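None of these values were measured; they are calculated from a predicted model.
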Amino acid sequence: MHHFQYKGNDLYCEDMAVEKIAKEVGTPFYLYSKETLEHHFKVFDKAFLDVPHITCYAVKANSNIAILDIFGSLGSGADIVSGGELFRALRAGMSPDRIVYSGVGKKIEEIDFALKSNILMFNIESSQELEVINQRTEKLGKKARISIRINPDVDPKTHPYISTGLKKSKFGIDIKKALNEYRRSRELKNIEVVGVDCHIGSQITEIGPFRDAVRKIREIVVTLASEGFAIKYLDLGGGLGIPYHVEEPPQPDEYARTIIEEVRGLGCTLILEPGRLLVGNAGILVTKVLYTKDGEEKSFVIVDAGMNDLIRPSIYGSFHFIQPVKKEERKNAMVDVVGPVCESGDFLASARQMPEARPGELLAVMSAGAYGFAMSSNYNSRPRVAEVLVQGDRYYIIRKRETFEDLIRLEEIQE
Ligand SMILES: *Cc1c(COP(=O)(O)O)cnc(C)c1O
């Protein structure tokens with residue numbers, strides 16, 4: 001469900017014409033619908049209403065503080081993977097006792113920042129990380145609540161780059177070794193074991209892998225309980241997919257039912273870390289056609305947004321629908337939609353049938369709210385684009401377009 005619809009021939013975001021925003025803020029820009037963001041959070045969170053749970057939005061999917069503020073106001077916590085994300089979550093007013101910290105490479109400064117902020121828990125990804133966190137607690141006179149991220153060796157059947165729970169993956173700790181880590185943690189006096197964690201991947205479109213992972217996690221919780229550990233939190237990560245093209249991922253209520261069924265009787269509070277699901281279809285990237293060009297073998301639509309603005313097609317071969325902001329009677333053409341970046345991998349769509357586009361026209365790259373702006377860069381010295389939030393018939397610039405001055409702000413020519 002989202003609020004990007006045509007009224008007549010014009011694409012709207014809620015009650016705002018996309019074209020009007022483009023005229024005022026220029027292109028390219030990311031455009032988000034507040035109503036959609038709120039709807040997605042509520043649907044997800046409500047699916048778990050019957051059980052104690054915390055929905056911890058995965059900040060990396062879209063980390064704009066205006067978005068964090070929206071979710072925070074609805075009671076969301078945060079799943080963070082860096083000190084920068086912790087800073088954002090706190091700045092957006094999210095409560096530290098609803099923040100969990102994941103990631104294989106937590107630096108000492110980041111660990112200290114999280115300890116001083118009294119976050120809910122660290123999801124431990126290696127034996128050495130546990131050591132270091134324990135050392136830091138002693139240094140700072142703090143306690144650390146932890147869970148261990150288990151690598152359940154489950155194939156999430158998604159793109160290899162976003163599979164995170166397979167044996168060969170860098171994430172988490174192997175099930176057998178994890179039990180030893182739990183036992184070892186008993187000797188670490190400032191470490192309080194509170195949870196078990198896993199996250200098997202992203203853009204998962206089947207329920208099976210989730211069920212398989214929860215079953216394995218369940219076994220560990222039972223084993224730990226028999227050894228006297230009081231496991232309060234079961235963190236099941238994120239990863240539920242969204243429809244970009246023809247996928248039909250499980251709905252949040254089916255996902256929730258499956259999980260609730262599998263954890264019955266454990267008496268734990270669930271932690272869920274949805275990212276893409278909450279923001280993916282709540283955002284689009286609006287871009288302008290600069291030129292069209294017919295090559296020998298291919299036709300190109302050259303637009304003003306490139307791989308530095310939306311890298312998903314380039315690195316994952318992802319599909320995003322591309323729609324005209326103003327519908328016209330046109331015949332279809334087979335084109336590659338490409339950006340201005342000097343890389344052949346710079347495309348938003350390849351071999352795509354779409355209505356013939358003309359210079360000056362606006363296109364909407366759909367489902368771009370997750371891992372869009374957050375993964376953007378300044379490559380080719382392209383200022384990062386503006387982010388705009390629509391609420392009803394009003395819009396707010398939630399991140400200004402960068403300027404050329406911004407590009408060199410931190411640089412210096414040596415004396
Ligand atoms: C990326 C990530 C998420 C969110 O994944 P989505 O597919 O966007 O839901 C949740 N938890 C962890 C640990 C992650 O790394």
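N123 and R149 form no side-chain donor-acceptor contact under 3.5 Å, judged by distance and modelled atom types alone. Between the side chains of T205 and E247, no donor N or O sits under 3.5 Å from an acceptor N or O. Using modelled atom types, one finds a donor on one side chain and an acceptor on the other under 3.5 Å when comparing R276 with Y244. Side-chain contact annotation: H53 with D45, donor-acceptor N/O pair under 3.5 Å present. With hydrogens and angles left out, the side-chain atoms of T27 and D304 include a donor and acceptor closer than 3.5 Å. For the 3.5 Å distance criterion, the side chains of E14 and S33 qualify, holding a donor opposite an acceptor. Residues D309 and S376 bring no donor and acceptor atom of their side chains to less than 3.5 Å of each other. No side-chain N or O of D197 forms a donor-acceptor pair with one of S147 less than 3.5 Å apart. Checking D336 against S350 by side-chain atom types alone, no donor-acceptor pair falls below 3.5 Å. For the residue pair Y32 / N62, a side-chain donor-acceptor distance below 3.5 Å is found, with atom types taken as modelled. In this structure, a donor-acceptor pair under 3.5 Å is present between the side chains of R312 and H320. In the model, E273 has no side-chain atom that pairs as donor or acceptor with a side-chain atom of Y57 under 3.5 Å.
Residues F321 and V365 have side chains not in contact (no heavy-atom distance under 4.5 Å, counting atoms from C-beta outward). Residues K34 and I70 are in side-chain contact: their nearest non-hydrogen atoms beyond the backbone lie under 4.5 Å apart. Y395 is not listed as a side-chain neighbour of L389, based on a closest heavy-atom distance of 4.5 Å or more. Residues V335 and F300 fail the side-chain proximity criterion, which asks for heavy atoms closer than 4.5 Å.
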Requested in this report: Carefully, step by step, assess R384 and E387 under the rule salt bridge (charged side-chain N to carboxylate O under 4.0 Å, His left out).
Outcome: CA-CA 9 Å; R384 276 180 293 179; E387 291 180 283; over 6 Å; no
Requested in this report: For the pair R215 and E219, evaluate salt bridge (charged side-chain N to carboxylate O under 4.0 Å, His left out) and give the outcome as yes or no after the intermediate values.
Outcome: CA-CA 6 Å; R215 284 191 181 156; E219 277 175 40; over 6 Å; no
Requested in this report: For the pair E131 and R184, evaluate salt bridge (charged side-chain N to carboxylate O under 4.0 Å, His left out) and give the outcome as yes or no after the intermediate values.
Outcome: CA-CA 10 Å; E131 274 313 309; R184 197 172 66 96; 2.3 Å; yes
Report task. List the steps, then state whether salt bridge (charged side-chain N to carboxylate O under 4.0 Å, His left out) holds for D10 with K7. Result -> CA-CA 5 Å; D10 294 299; K7 294 189 183 170; over 6 Å; no
Query raised in the report: Could you walk me through whether S102 and D79 pass the side-chain hydrogen bond (donor to acceptor under 3.5 Å, both in side chains) check?
Result: CA-CA 7 Å; S102 309; D79 166 51; 2.8 Å; yes
Query raised in the report: After noting the C-alpha distance and the side-chain angles of E343 and N380, does the key distance pass the side-chain hydrogen bond (donor to acceptor under 3.5 Å, both in side chains) rule?
Result: CA-CA 10 Å; E343 296 278 347; N380 277 210; 5.8 Å; no
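Cation-pi geometry between K106 and F122 is not satisfied (NZ or CZ under 6.0 Å from the ring centre, within 45° of the ring normal).
In this view, R330 and E361 satisfy the side-chain hydrogen bond (donor to acceptor under 3.5 Å, both in side chains) rule, not counting sequence neighbours. Taking the side-chain hydrogen bond (donor to acceptor under 3.5 Å, both in side chains) definition, one finds that R401 meets it with nothing, sequence neighbours left out. Under the salt bridge (Lys or Arg N to Asp or Glu O under 4.0 Å) criterion, E38 pairs with no residue at all, not counting sequence neighbours.
Rounding to the nearest 0.5 angstrom, the gap separating the CG atom in L86 from the CD1 atom in I111 is 12.0 Å. Note that the CG atom of L11 and the NZ atom of K326 stand 10.5 Å from one another [nearest 0.5 Å]. Atom CG of D212 sits about 8.0 Å away from atom CD1 of I200, to the nearest 0.5 Å. With values rounded to the nearest 0.5 angstrom, I408 atom CD1 is found 9.5 Å from S381 atom OG. With rounding to the nearest 0.5 Å, the separation of CG in L290 from OG1 in T287 is 7.0 Å. Summarising the geometry, atom CG belonging to L234 is positioned 10.0 Å from atom CD1 belonging to I220; distances are rounded to the nearest 0.5 Å.
In plain terms, the two heavy atoms of Y101 and V81 that are nearest each other are CE2-C, 3.7 Å.
Within 6.0 Å of CD on E254 lie more than 12 heavy atoms contributed by other residues, nucleotides or ligands. Crowding of K288 atom NZ: a count of heavy atoms from other residues, nucleotides or ligands under 6.0 Å not exceeding 12. Few gaps surround CD on Q353; more than 12 heavy atoms of other groups in view lie less than 6.0 Å from it. No more than 12 heavy atoms of other residues, nucleotides or ligands sit less than 6.0 Å from atom CZ of F87. The environment of CD in E405 is sparse: at most 12 heavy-atom neighbours from other residues, nucleotides or ligands sit within 6.0 Å. Other residues, nucleotides and ligands contribute over 12 non-hydrogen atoms within 6.0 Å of the NZ atom of K216.
The aromatic ring centres of Y371 and F373 sit 6.0 Å or more apart. Between Y6 and Y12, the ring centre distance reaches or exceeds 6.0 Å.
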